[in-house]
Amino acid sequence: MNSELLLKNLNPQQQQAVQHHTGPLLIIAGAGSGKTRVITHRIAYLIAHYKVKPMNILAVTFTNKAASEMQDRVKGLIGPVADFVTISTFHSFCARLLRIEGEHIGIKRGFTIYDANDSENLAKKVLSELNLDPKRFPEKMMLGAVSTAKNNLILPEDYPEDSFTEEKIKQFYKLYQSKLRESNAVDFDDLIVQTVLLFKKHPEILKKYQDRYQYIMVDEYQDTNHTQYILVALLAADHKNICVVGDDDQSIYSWRDADIRNILEFEKDFPNTTTIKLEQNYRSTCRILEAANSVISHNLNRKPKTLWTENPKGEKVIVYRAASERHEAQFIADEIKRLTKKGVRLKDIAILYRMNSQSRVIEEVFLNNNLPHVIYGGIRFYDRAEIKDTLAYLRLIANPYDTISFNRAINTPRRGIGPATIAKIEQSKEMLGLSYLDTLLQAKSIPGLGGKLKVLTEFAENWYHLTATQDQLTITELVESIWKTSGYMEMLENEGTDEALSRIDNLKEFLSVTKSYDERAKDQGSLNGFLEEISLISDIDRYSDESNAVSFMTIHSAKGLEFPVVFVTGLEEGLFPSSRSLYDEHQMEEERRLCYVAITRAMHLCYLTYAETRFLWGQTSYNMPSRFLSELPDEADDSDTEKAAVSVKTNSGQPSPDLKSGDKVVHEKFGKGIVIEVKGEGASREAAVVFDSSGLKKLLLEYAKLKKID
DNA sequence: CCTTACGCCATTTTT
DNA sequence: TGGCGTAAGG
């Protein structure tokens, strides 16, 4: 492709970024400013104009989705040679690297990647071995401390021990880490840490990758933690051809140790940095942008900038006050019905919330209103028990040292193997210095197994057989073989419950995953590759706008996405901003950034809704409207109504239906009923209704949406 | 070793 | 409220 064509349709700042050749480059890219466009065009420009070899370029992102989108777009620009550009997430980049080079630091090729759940299980073992009271030292807390240590590149032996708690954490960290190693496993954070350690211990390997990756680009740089920063810095140490793209205003992962200093101090860390700001927004209407700018301007700790747009002014941002979370949901449903009549497609609409549990009510109301919707987040497909069981078997085939998978698979389905028997096996295993598989293959030599010997030997022989034949089988065949020989499928089929049936359905869906992998990987059928892909995939990666349904997701998951219509829900003090941030200025600023991210997802229409009462955690709470609402541009008074960016609606002011006794009504929750009495005025006007299903209820007309029927 | 009961606790979660 | 994880009993 003609390299000049790549500059077309780019604004001057974008062009400057795309044309940047060597040396450090910092791109501050506001929301919707065409950041991905700049990265992909720069990759293409490096290749087309500067004749850089595709294989010498590395682009790192945080999500698989971002990575594959980027790869597709580069391919669109320069064709199939794009496949030689390495575009990858931090984690899968490191996983692949360790798969090749891990042996240098004692990580065997078939290593398993432990997800958060596996880590928790391992943590429990560690706690009990250390005799630590899980009340005083909950595994979540311990793992959090370990994770923070790893994200800051603090090794177990370097962990401070200035307090009793720190001493215990250090003990925990050490044992946890050595157990990971015994299992030939790494956790998510380890993928990065171990790669950095590898580079530090083996400069010749680092050199190899420095030479290979002459040009490095990092997306969402504001979300990198210290260890990721070191990784990138090591790779770029020689040539300094590093380009990072980020937006400090969209930093919403500090609780995962994302270090905002990485972006704020990039210019110090890399002298002679060229800095480019992308402030023109191509996504949202003026009014949406104005609302977002106004909210974020209340943050003190930020690089000053103001997004602007040439887009139309658009509709006002709508603030809606609902009486309760049910009314909030109902308003959204009604509004969506209205919009669809005007031609808006369901897939153009997203509903965002601070926490997953908020989705429940909205889902109920959507179900009642027959509105198609897809919920992202919550339980990951791969977190379902039946999938994890199957994965445990697969992992054991790839890695016979994996203690977590062994503990899971050995007694699923039930084989009568409990903690006592497992302890005996582990003891033997440690004495012999063998893998679980090799230990079980000589189960005869394990003392005290008694009647369990037979079942264990059978288990081991099946396992051995699958391990030996894995290369001849596709993943699909391997999985089917596991289900058969382990008796897993039989177990589910015998259960015959609805739940078992749905599990079988999920397993069938899993087969479609294996099949698609088999297709792609053809005959190289790599089990490691498959497992890696599964471990590093997230729920949002499955997001596709193909189905015609409204999307439900947390604001965190929505980052990087855009929708023509966005509902941001639950704007209440204590919920959003969350109660834990109310007394911490830094956390409050992060909540505000979250709000900024939420609003800037919207292209044409943005709704901000809140409820005056909310049933949460078994209690009704009465929260003030979120402070972020008061940080919006002022609502217009009548004379100025044209200019305003925001319009406020409420359902309290709506005329309640004119009811009298004898009217038939329908209520969204209680169903049909007959009004027997109406009394009171205004806000306290209430109706007594006898419902077919639940009998007499007294309902405030302002809150209860009663519809009159004939 | 497996089932049931109770009591606790409760954001966000790119990988 | 409800989901989950531990503790006691079968």
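Since this is a predicted model, take the numbers as computed values, not measurements. A note on names: the letters A, B, ... follow the listed sequences, proteins ahead of strands, and every chain is numbered from 1.
- Ring geometry, A:Tyr607 versus A:Phe567: the interplanar angle falls under 30°, so the pair is classed parallel (tilted spans 30 to 60°).
- Using a 4.0 Å heavy-atom criterion, one finds that A:Ser578 contacts the bases of the nucleic acid, with or without backbone contacts as well.
- In this structure, CE of A:Met588 is placed 13 Å from C1' of B:dT11, rounded to the nearest angstrom.
- In this structure, A:Tyr221 has its ring center closer than 6.0 angstrom to the ring center of A:Phe266.
- For the pair A:Asp223 CG and B:dT12 P, the computed distance is 18 Å after rounding to whole Å.
- Side-chain atoms of A:Thr148 and A:Asp257 form a donor-acceptor pair, as typed in the model, at a separation below 3.5 Å.
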Does the protein touch nucleotides 2-10 of chain C at the base, only the backbone, or not at all? Give it as B, S and - per nucleotide, heavy atoms under 4.0 Å.
SS--S----

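- Between the CG atom of A:Leu571 and the P atom of B:dT11 there is a distance of 19 Å, rounded to whole Å.
- Judged by distance alone, the side chain of A:Thr613 and the main-chain N or O of A:Ala323 form a donor-acceptor pair under 3.5 Å.
- For the side chain to side chain contact (heavy atoms under 4.5 Å, CB included) criterion with A:Leu616, the lone passing option out of A:Glu572, A:Met355, A:Gln358 is A:Met355.
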Check against side-chain hydrogen bond (donor to acceptor under 3.5 Å, both in side chains), A:Glu533 and A:Asn64
CA-CA 10 Å; A:Glu533 196 171 294; A:Asn64 297 296; over 6 Å; no

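- Closest contact between the side chain of A:Ala420 and the listed nucleotides B:dC1, B:dA10, B:dT13 involves B:dC1.
- Atom CD of A:Glu590 and atom P of B:dT13 are 13 Å apart (whole Å).
- Residue A:Tyr253 is classed as a base contact, given a heavy-atom separation below 4.0 Å to a base.
- When the nucleotides B:dT11, B:dC1, B:dT14 are ranked by their closest atom to the side chain of A:Met355, B:dT11 comes out on top.
- Taking the nucleotide of DNA chain B with the nearest heavy atom to each of A:Thr89 and A:Ile417, the more 5' of the two is matched to A:Ile417.
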Nucleotides 3-6 of chain B: which of its N/O atoms have a protein N/O under 3.5 Å away?
from: B:dT3; atom 1: OP2; to: A:Arg414; atom 2: NH1; distance (Å): 3.2

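- Between A:Tyr376 atom OH and B:dT13 atom P there is a gap of 15 Å when expressed in whole angstrom units.
- A distance cut-off of 5.5 Å between ring centres, combined with a plane angle under 30°, places A:Trp255 in a stacking arrangement with the base of B:dT12.
- In the model, A:Tyr488 has a side-chain atom that pairs as donor or acceptor with a side-chain atom of A:Asp389 under 3.5 Å.
- The existence of a salt bridge linking A:Asp247 and A:Lys35 is excluded, since no basic side-chain nitrogen approaches an acidic carboxylate oxygen closer than 4.0 Å.
- No donor-acceptor contact under 3.5 angstrom links the side chains of A:Tyr253 and A:Asn225, judged on distance only.
- Contact between the side-chain N/O atoms of A:Ser557 and the OP1/OP2 oxygens of B:dT13 is found at a separation under 4.0 Å.
- A:Glu364 CD: more than 12 foreign heavy atoms inside a 6.0 Å radius.
- A:Leu616 has its CG atom 9 Å from the C1' atom of B:dA10, to the nearest Å.
- Across the protein-nucleic acid pair, A:Met553 atom CE and B:dT14 atom C1' stand 13 Å apart, rounded to whole Å.
- In this structure, A:His556 and A:Asp189 both approach DNA chain B, and ranking their closest nucleotides by distance from the 5' end singles out A:His556.
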Taking it one step at a time, do A:Glu458 and A:Arg415 satisfy salt bridge (charged side-chain N to carboxylate O under 4.0 Å, His left out)?
CA-CA 11 Å; A:Glu458 194 196 323; A:Arg415 298 187 178 89; over 6 Å; no

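- In this model, the phosphate group of B:dC2 is approached by a side-chain N or O of A:Asn411 to a distance below 4.0 Å at OP1 or OP2.
- Phosphate proximity of B:dA10 to A:Ser357: absent, as no side-chain N or O sits under 4.0 Å from OP1 or OP2.
- Between A:Tyr353 atom OH and B:dT13 atom P there is a gap of 9 Å when expressed in whole angstrom units.
- Between B:dT12 and C:dG5, the two C1' atoms lie 23 Å apart (nearest whole Å).
- Residue A:Asn225 places none of its side-chain N or O atoms closer than 4.0 Å to OP1 or OP2 of B:dT14.
- Between A:Thr421 and the phosphate of B:dC1, there is a side-chain N or O to OP1/OP2 separation shorter than 4.0 Å.
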